[in-house]
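Order of the sequence lines fixes the chain letters, A, B, ..., with proteins taken first and strands second; residue numbering starts at 1 for each chain.
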Amino acid sequence: MSLSDIWDVLVLGVVLGSLYAVIAIGYTLVYGVLQLLNFAHSEVFMAGGFGGVIALTIFEPATDPSGLQSALYVLLGILGGALLGGLVAFGLEKGAYRPLRRRHASRLIFLITAIGASFFLYNLAGKMFGRYPMPMPTMYENKQVFEVFGTSVNVTQLLIVVAAVLMLLTVDFVVNRTKMGSGIRAVAQDPEVASLMGVDIDKVVSRTFVLGGVMGGVAGFLFGTNLQVEYTMGFLPGITAFAAAVLGGIGNVRGAMLGGLTLGVVEAFTVEWFGDAWRYAGAFAVLVLVLMFRPTGILGERVGRTA
Amino acid sequence: MNVGVEKEAGAASGAVDGRPALLELRDLHVFYGAIEALKGVSLTVGEGEVVALLGANGAGKSTTLKAASGMLAPRSGEVLLRGERVDGIKSHELVQFGIGHVPEGRRVFARMTVLENLKMGAYRLKRPDDADLDRVFSLFPVLAERRKQVSGTLSGGEQQMLAIGRALMGKPELLLLDEPSMGLAPLIVRQIFEILKEINEQGTTLLLVEQNAAQALRLAHRGYVLETGAVVMSDEASALLSDPRVRAAYLGEVAEQAEEKG
Ligand SMILES: Nc1ncnc2c1ncn2[C@@H]1O[C@H](COP(=O)(O)OP(=O)(O)OP(=O)(O)O)[C@@H](O)[C@H]1O
Ligand SMILES: [Mg+2]
């Protein structure tokens with residue numbers, strides 16, 4: 001394998017991995033505040049894909065857009081993804097999880113509800129939008145932007161990585177440097193004491209879902225731009241991003257980023273070396289191996305409680 | 001307000017020596033499922049007072065504090081702050097009424113630094129008040145030294161100081177303290193009680209739950225004794241200190257100190 005081949009694969013891996021990282025944040029934030037494995041987050045991602053399609057279908061893109069028009073279309077798609085992703089996450093928390101919290105339901109009930117909500121949401125999408133893949137409306141000419149060591153990077157790839165990095169920086173800032181973030185971290189560590197400080201747990205939980213949902217939704221739009229949008233599109237990226245969150249240390253925001261990037265790169269190399277049939281095997285082999293030696297993930301559970 | 005004089009003179013009346021009541025609990029009944037943890041607790045804390053709440057393990061001391069700060073909703077009975085009914089208000093809203101609760105076992109945010117913990121204490125305010133931070137650092141100089149340290153790595157005594165400092169950051173008028181001396185060496189306990197005294201002299205009212213009855217009663221103006229969810233005694237602190245029942249039950253090992261005092 002030549003150096004330029006390695007770069008080819010690496011670029012694919014980083015693009016994929018930055019999406020996984022963004023989705024993984026949604027899992028890890030919610031786990032942090034509720035110790036809940038929100039398996040319906042994959043459907044938030046899916047909803048974001050459709051959000052992008054809907055936004056761009058309403059404002060039909062011109063056939064030969066100028067640079068400025070293209071930028072506006074992309075922004076529109078991002079907004080559509082963010083909006084629908086955030087909305088679904090918000091509704092999920094309010095409609096499915098909050099009633100369970102009121103009743104002090106056990107973790108198992110939450111888990112089953114999450115899986116049920118996931119089935120419900122993707123079938124609802126199938127019913128509403130049809131059970132076939134749709135392309136994202138064309139927003140720009142996907143030409144090469146630049147080359148790294150002979151590997152060409154196109155507009156979509158650049159867009160994905162730049163948007164992902166911006167989102168990751170934002171969420172890191174929000175969680176570690178803002179008052180809202182301090183509320184999230186306090187609830188993750190000790191909700192009872194957090195409320196003694198004046199933290200409204202319900203509000204923090206709701207905002208956490210929306211934060212993760214907006215990011216997951218934008219990731220869905222970006223993913224759909226790279227490939228296509230379909231009602232089942234959430235499943236595999238969702239599971240992989242969940243694995244990424246666990247790999248990095250569930251509850252740990254930076255861990256989710258690291259885990260996502262790692263699994264994206266591993267996946268790209270697995271496909272290159274063993275073929276597409278092995279696509280998800282490599283990532284999960286890495287997950288199992290890491291957890292054998294570090295059961296709390298690479299960076300450990302940090303936002304969440306130790307117990 | 002000097003509260004030291006009246007205590008010596010006062011016959012125990014249950015009234016708050018002419019001071020307006022800051023906190024009043026009336027006939028509180030609190031349940032954990034089917035278990036009745038408080039069976040009609042009534043007590044009053046006057047403005048500027050230090051009130052000790054004593055009792056054996058499981059008597060319901062922590063439950064009383066939790067009901068006062070909104071962590072638990074009583075099944076019946078009333079919680080009044082300055083005469084206003086506040087039972088049923090959730091703890092995150094009740095802090096706006098000027099209640100600070102230092103919970104049992106300190107419960108600092110272990111993964112946050114000392115400074116972050118203190119800022120969390122001011123969460124209810126728009127932003128932390130620098131004057132409060134200075135006050136906490138002057139009460140507990142060790143916290144200033146350790147401000148960047150992750151709180152989980154502090155010693156037990158330092159964590160207790162942090163828990164108290166954190167509560168002060170929310171500008172409480174009434175501070176509920178749940179066993180601040182738990183598991184600490186006598187020297188540290190004495191230090192913490194000195195500081196509690198100072199906090200009270202600066203104008204904060206204290207309701208102090210303690211197993212360490214001798215220390216608590218020496219700081220307090222008045223005291224209540226809880227037994228299996230009910231108040232069985234309430235009196236001036238000095239009277240409780242010399243009461244044979246209290247001495248037998250809670251002051252066994254420090255009887256001599258109590259004698260000096262009485
Ligand atoms: N979460 C709970 N669920 C069920 N029962 C509880 C719970 N918390 C307390 N209790 C019970 O309520 C009673 C009073 O408990 P509480 O914690 O108020 O006692 P305490 O006086 O603070 O004791 P300690 O000195 O050991 O802290 C005890 O019998 C206890 O077992
Ligand atoms: Mg207790």
Side-chain angles (χ1 to χ4, degrees), chain A residues 28-29 31-33 35 98 101-106 172-208 248-256 296-297 299-307, chain B residues 32-33 62 65-66 68-73 89-113 115-128 150-152 159 162-172 174-178:
Chain A
T28 233
L29 282 177
Y31 182 84
V33 293
Q35 285 72 55
R98 190 169 295 193
R101 285 200 290 130
R102 290 274 174 279
R103 274 163 230 172
H104 305 285
S106 72
D172 196 74
F173 178 82
V174 167
V175 169
N176 291 311
R177 294 268 175 274
T178 66
K179 189 164 174 183
M180 171 180 163
S182 71
I184 292 176
R185 284 181 297 139
V187 170
Q189 291 182 37
D190 192 332
E192 216 177 26
V193 173
S195 68
L196 282 180
M197 314 281 112
V199 179
D200 182 343
I201 297 179
D202 285 344
K203 220 183 242 173
V204 164
V205 168
S206 185
R207 286 176 182 171
T208 305
I250 187 106
N252 184 323
V253 171
R254 288 181 188 170
T296 56
L299 298 187
E301 294 187 30
R302 283 186 69 202
V303 175
R305 280 171 280 193
T306 30
Chain B
Y32 293 106
S62 298
L65 291 195
K66 286 178 179 176
S69 70
M71 284 168 85
L72 290 172
I89 297 182
K90 299 236 180 66
S91 50
H92 71 267
E93 287 165 355
L94 203 53
V95 291
Q96 297 297 352
F97 290 71
I99 281 201
H101 185 161
V102 181
E104 188 172 357
R106 319 186 239 284
R107 290 168 73 173
V108 296
F109 297 112
R111 297 175 194 289
M112 292 187 190
T113 64
L115 194 60
E116 284 175 320
N117 264 281
L118 293 174
K119 286 184 173 164
M120 271 316 296
Y123 190 91
R124 78 174 186 93
L125 311 170
K126 268 214 159 57
R127 65 175 61 85
V150 175
S151 307
Q159 287 191 10
L162 179 56
I164 297 170
R166 181 179 62 180
L168 289 177
M169 290 297 292
K171 299 183 182 297
L174 171 65
L175 196 55
L176 312 173
L177 295 138
D178 200 339

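- Rounding to the nearest 0.5 Å gives a distance of 8.5 Å between CZ of A/Arg185 and CE of B/Met120.
- Using a 4.0 Å cut-off between a side-chain N of Lys or Arg and a carboxylate O of Asp or Glu, A/Asp202 and A/Arg102 qualify as a salt bridge.
- Within the 4.5 angstrom heavy-atom criterion, atoms from both the backbone and the side chain of B/Met112 approach chain A.
- In terms of heavy-atom pairs under 4.5 Å with chain A, the best-connected choice from B/Arg107, B/Arg166, B/Arg127 is B/Arg107.
- Of the possible polar contacts, none joining the A/Ser206 side chain to the A/Lys203 backbone as a donor-acceptor pair under 3.5 Å is found.
- Contacts with chain A were tallied for B/Met71, B/Arg124, B/His92; B/His92 has the most, counting heavy-atom pairs under 4.5 Å.
- Interface remark: B/Leu125 contributes backbone atoms only to the contact with chain A (heavy atom separation under 4.5 Å).
- Only the side chain of B/Glu116 comes within less than 4.5 Å of a heavy atom in chain A; its backbone stays farther off.
- Ion pair B/Lys90/A/Asp200 not flagged as a salt bridge, since none of the NZ, NE, NH1 or NH2 atoms sits closer than 4.0 Å to an Asp/Glu carboxylate oxygen.
- Between atom CG of residue A/Leu196 and atom CD of residue A/Glu192 there is a gap of 7.0 Å, rounded to the nearest 0.5 Å.
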